[in-house]
Amino acid sequence: MDSSGPAAESATQSADDRLSALLYLSQQLNAERDLPKLVDLMAREVARLLAAERASVFLWDRATDELWSLVALGSEPLRFDARRGLAGVVVQQGITINVPDVQQDPRFYPAIDARTGFHTRNMLTVPLSNHAGEIIGAFQVLNKQQGVFTTEDEEMLKAVAAQAAIAIETAQLIGGLQQQRDALVAENTQLWQAVEGRYFQQPLLGNSPLIRQVVRLIEQLRDSSVEVLITGESGTGKELVARALHYTSRRARGPFVAVNCAALPSSLIESDLFGIERGVATGVERRIGKFESAQGGTLFLDELADLSAGAQAMLLRVLQEHVVERIGGRRGIPVDVRIIAATNKNLEEAMSQGTFRADLYYRLKVIHIVMPPLRSMREDIALLARHFLEQFARELGKRRIGLTSEAMQRLENYDWPGNVRELAHEMKRLVVLARGPAVAEAELSPEIRQAGKPTVHMSNSLPTEMSLKGAVEELEQHMLQEALVASGYNQVQAARRLGLSRQGLIKKLKRYGITTRAGRT
Ligand SMILES: Nc1ncnc2c1ncn2[C@@H]1O[C@H](COP(=O)(O)OP(=O)(O)O)[C@@H](O)[C@H]1O
Ligand SMILES: [Mg+2]
């Protein structure tokens, strides 16, 4: 046979074309890792390559013995019994079937046409087998645009199917791995949340309604990343609450970064928070800001009211756009940081004086936690005092001590301007200095010992349940205290006021455990 005729030449030409098309398709298939997109791509390309009206990829679900198509070109996803139809025969027997007229073939399964509304005339189906030789599905082209599918089309479809099977397996594998990884990441985050929550050993103590309300709110905010504003006097537990919010949230594993906005001058706070690029000023090195260090976690802005106007503007932008720009930087850096802010100042006042931006205030106070001063939860003073005595005894390796009921009464009467922090400090002092197993009233710091105590005047009738000795002691202590304060803690002067020798005064002070210097606690 003469192979140099025009017909043979065109056949060679088209074989070349098909080969390069096949190569191109195989490259594309290998680049696509998303299974639905991959199947869609294969179907589209193969229909074009073989001049077919439609192409479908069926995957064989061996568990249910069903064939299903992820995306069949121009039709809805299908799922049907793998023992039916031509595709069924192909996967069960692993053979290629080319049917020039389906209406004449009893193996044809017309129910699918009925479902898709497509009218099949002819059909070519090849098995899809993975590289272990297992059949994983079928590849099908329908309705040759002119005539019927040829043996060349069969060879072509088999070649594409070999590539497609590998790409499908890879995509399935990757999809499976991704699902597993996502599940693991979710599980891991949950576990860390639980673990950190448990190891966060400093719960907010107190049974007063005000504290219980705060505890409930923290619990409600567990799964949220919303900004929180905490206000309250110094020492009321604002930072403790901020930490509790962080360590019980999904961000628990991320960093908790605390910034004291009042600790740095305004010129430095901006670069401290937002970072700075190298060479902004001579000798300036590039530095990452606290916002970036808190990536994935919580940024605690303490003493918020002291934030400079420039930093307030920058902070507002970060809250709105979730992007920080370093000083002197030209591009924004995306940040995922939760802001918790605290202040003991009155922000509304600061706003009316123009030192705090109203838009920033309203943005931050969506959730507003107000920490009660200790004097408004006196019922919790005893609980907190015992807690701190025990904590410091443990930490300092000291004996566990208690409080006499008189001493406890003083604690409960005192106004605690420094709130829980002041109470903690006082308990630490007692753990260090205490002589007996129970702290006596006389061992308390003077300002606490005086708290709510009726001033004893000779004209006042003394409490009847008090022994003479007790009353005299009480009066003595009181007078010693007053003489010390009046003389500015000068012992010689105080002794003169009381008509005592200096030695006599020192003896009495010692007996009552009165400290002799102001503020020495
Ligand atoms: N309700 C509370 N229960 C236990 N400890 C508390 C409580 N409130 C405050 N503290 C403790 O008191 C100290 C001061 O709290 P902190 O959060 O620093 O106060 P603030 O930030 O409001 O000045 C910390 O040691 C904190 O652990
Ligand atoms: Mg604080």
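First listed ligand is number 1; within each ligand, the first listed atom is number 1.
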Stepwise side chain to side chain donor-acceptor pair (under 3.5 Å) test for Thr404 and Glu441: CA-CA 7 Å; Thr404 61; Glu441 204 181 342; over 6 Å; no

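- For ligand 1, the atoms closer than 4.0 angstrom to any heavy atom of Val420 are 6 (C), 7 (C), 8 (N), 9 (C), 10 (N), 11 (C), 12 (O).
- At under 3.5 Å, not a single nitrogen or oxygen of Leu204, backbone or side chain, sits near a nitrogen or oxygen of ligand 1.
- Side-chain contact annotation: Gln391 with Glu395, donor-acceptor N/O pair under 3.5 Å present.
- Separating the CE atom in Met371 from the CE atom in Met377 is a distance of 7.5 Å, to the nearest 0.5 Å.
- Ligand 1 does not have Ile230 within reach: every non-hydrogen atom of the residue lies 4.0 Å or more from it.
- Taking distance alone, with nitrogen or oxygen atoms compared against 3.5 Å, Arg421 approaches ligand 1 more closely than that limit.
- No part of Asp302 comes within 4.0 Å of ligand 1, judged by heavy-atom distances.
- Summarising the geometry, atom CG belonging to Leu383 is positioned 10.5 Å from atom CD1 belonging to Ile211; distances are rounded to the nearest 0.5 Å.
- Interatomic distance, Phe388 CZ to Leu423 CG, rounded to the nearest 0.5 Å: 6.0 Å.
- For ligand 1 and Leu384, the ligand atoms under 4.0 Å from any heavy atom of the residue are 3 (N), 4 (C).
- Looking at Gln491 and Arg502, their side chains do bring a donor and an acceptor atom within 3.5 Å of each other.
- Of the inter-residue distances, the one linking Met314 atom CE with Leu273 atom CG reads 8.5 Å to the nearest 0.5 angstrom.
- Looking at ligand 1, you won't find any N or O of Ile211 less than 3.5 Å from one of its N or O atoms.
- Contact analysis leaves Gly232 out of contact with ligand 1, as no non-hydrogen atom separation drops below 4.0 angstrom.
- The residue among Val215, Leu240, Val214, Leu205 with a heavy atom at the shortest distance from atom 6 (C) of ligand 1 is Leu240.
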